[in-house]
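The block underneath contains the structure these notes are about, expressed in structure tokens.
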There are 2 protein chains.
Amino acid sequence: MPTPLPIAPIESPEACAGTPLGRAIRLLGDAWVLLIVMNLLHGPQRFNALRTMLGRISTKTLSQRLKALEELGFVQRQAFLEIPPRVEYHLTEQGQELGDVIESLERFGKKHLAGSAVPSLDTCLTDAHEASATETTCAE
Amino acid sequence: MPTPLPIAPIESPEACAGTPLGRAIRLLGDAWVLLIVMNLLHGPQRFNALRTMLGRISTKTLSQRLKALEELGFVQRQAFLEIPPRVEYHLTEQGQELGDVIESLERFGKKHLAGSAVPSLDTCLTDAHEASATETTCAE
DNA sequence: CAGGATCCGATCGGATACTG
DNA sequence: CAGTATCCGATCGGATCCTG
């Protein structure tokens with residue numbers, strides 16, 4: 001029993017905006033947000049640069065997430081009055097601290113999701129096919 | 001400049017299953033998974049107990065996530081041969097380490113998402129309405 | 001009680017087209 | 001280049017019904 005963690009139970013994603021952890025989950029329980037933040041950790045990035053790094057993300061999705069992150073004060077948008085236009089996004093002081101979260105994610109990933117220890121992460125999260133896991137435990 | 005974090009850029013949620021961090025994001029970039037893990041941190045929980053804690057999650061969604069977590073070896077399912085049936089889910093050794101991630105989420109939330117510092121987290125993540133953020137910066 | 005199967009509406013997110 | 005607006009298909013997830 002490592003750290004008992006006095007965490008209070010929380011409700012669904014939609015309803016749990018009351019507690020700080022709940023809010024964090026609402027915000028960071030989104031793969032796109034995590035990926036964007038991750039890429040911004042390297043330094044400022046331009047809109048299309050991000051788009052490229054993220055593979056196939058639509059402008060819609062990207063600008064949506066960026067706007068949210070901006071409104072929350074984690075990302076700063078900086079537009080240069082040039083032509084053609086240039087806009088750079090970078091993490092704010094607060095946003096930088098998201099690095100800790102990413103870091104803990106990475107540590108976890110490296111430790112437990114590194115090898116092909118799993119049939120296929122995709123398969124798991126996608127369909128609910130038949131699988132054996134490590135064989136369900138029975139008792140009593 | 002805290003920790004430069006030598007993290008390599010990653011692609012979209014679907015494609016980035018190659019790197020450990022990518023996998024972690026795929027798995028934990030899901031609010032339900034985070035919430036479930038969070039509640040399991042307290043100790044073993046029964047199916048319907050979890051359902052209640054999570055507010056309005058459907059049996060489908062819940063069993064889906066639990067199955068995924070089980071296949072990945074982070075959750076252990078334990079069925080008791082009783083009647084009425086009883087099934088308990090608990091975190092495995094590996095799953096316990098998800099506590100670190102949750103913890104970092106909580107720290108972040110407490111620090112930056114505590115007060116009403118934000119117009120409304122929901123609003124941000126929901127619609128892409130007009131908002132001013134802290135006023136976009138211009139330069140050059 | 002635990003959960004699989006199904007139906008179906010709500011939402012998400014990509015592609016496209018168009019503006020500054 | 002940096003977006004916004006729109007259309008629309010794919011997916012998610014809740015409600016419901018049913019079995020063991």
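In the text below, chain A, chain B and the rest are named by the order of the sequence lines, each starting its count at 1.
Comparing Pro85(A) and Ser63(A) by the nucleotide of DNA chain D that holds the closest heavy atom to each, the one mapping nearer the 5' end is Pro85(A). Both Arg51(B) and Asn48(A) lie close to DNA chain D; mapped to their nearest nucleotides by heavy-atom distance, the more 5′-ward contact belongs to Asn48(A).
The side chain to side chain donor-acceptor pair (under 3.5 Å) test applied to Ser58(B) returns Thr61(B), not counting sequence neighbours. Residues forming a side-chain contact (heavy atoms from CB on, under 4.5 Å) with Arg107(B) (at least two apart in sequence, or on another chain): Glu103(B), Ser104(B).
Not one N or O on the side chain of Asp30(A) forms a donor-acceptor pair closer than 3.5 Å with the backbone of Arg26(A).
Checking dG3(D), dT6(C), dC1(D) against the side-chain heavy atoms of Lys60(B) singles out dT6(C) as nearest. Of the candidates dA2(C), dG4(C), dG3(D), dA2(C) carries the atom nearest the Val87(B) side chain, counting heavy atoms from C-beta on. The side chain of Phe47(B) sits closest to dA2(C) out of dC1(C), dA2(C), dG13(D).
One interatomic measurement links the two molecules: CD1 of Ile83(A) to P of dG20(C), which rounds to 14 Å at whole-angstrom precision. Arg65(A) has its CZ atom 20 Å from the P atom of dA2(D), to the nearest Å. One atom, CH2 of Trp32(A), and another, P of dC12(D), lie 14 Å apart when rounded to the nearest Å. Counting to the nearest Å, the P atom of dG20(C) and the CG atom of Leu81(A) are 17 Å from each other. Put simply, CD on Gln45(A) is 11 Å from P on dA2(D), counting in whole angstrom units. Ile57(A) places its CD1 atom 14 Å from the P atom of dA2(D), with the value rounded to the nearest Å. The distance between atom CD of Gln64(B) and atom P of dA2(C), rounded to the nearest whole Å, is 19 Å. What separates CZ of Phe80(A) from P of dG3(D) is a distance of 12 Å, to the nearest Å.
A sub-4.0 Å separation between OP1 or OP2 of dA2(D) and a side-chain N or O of Arg46(A) is present. The phosphate of dG14(D) has OP1 or OP2 within less than 4.0 Å of a side-chain N or O from Ser58(B). One finds a side-chain N or O of Tyr89(A) lying less than 4.0 angstrom from the OP1 or OP2 phosphate oxygen of dG3(D).
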**Item:** Worked check of side-chain contact (heavy atoms from CB on, under 4.5 Å) between Gln45(A) and Tyr89(A)
**Value:** CA-CA 5 Å; Gln45(A) 296 293 341; Tyr89(A) 292 89; 5.7 Å; no
**Request:** Decide side-chain contact (heavy atoms from CB on, under 4.5 Å) for His90(A) and Leu40(A); before the verdict, give the C-alpha distance in whole Å, the side-chain angles of both, and the deciding distance to 0.1 Å.
**Result:** CA-CA 6 Å; His90(A) 64 272; Leu40(A) 285 180; 5.7 Å; no
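The residue Thr59(A) sits close to a base: some heavy atom pair falls under 4.0 Å.
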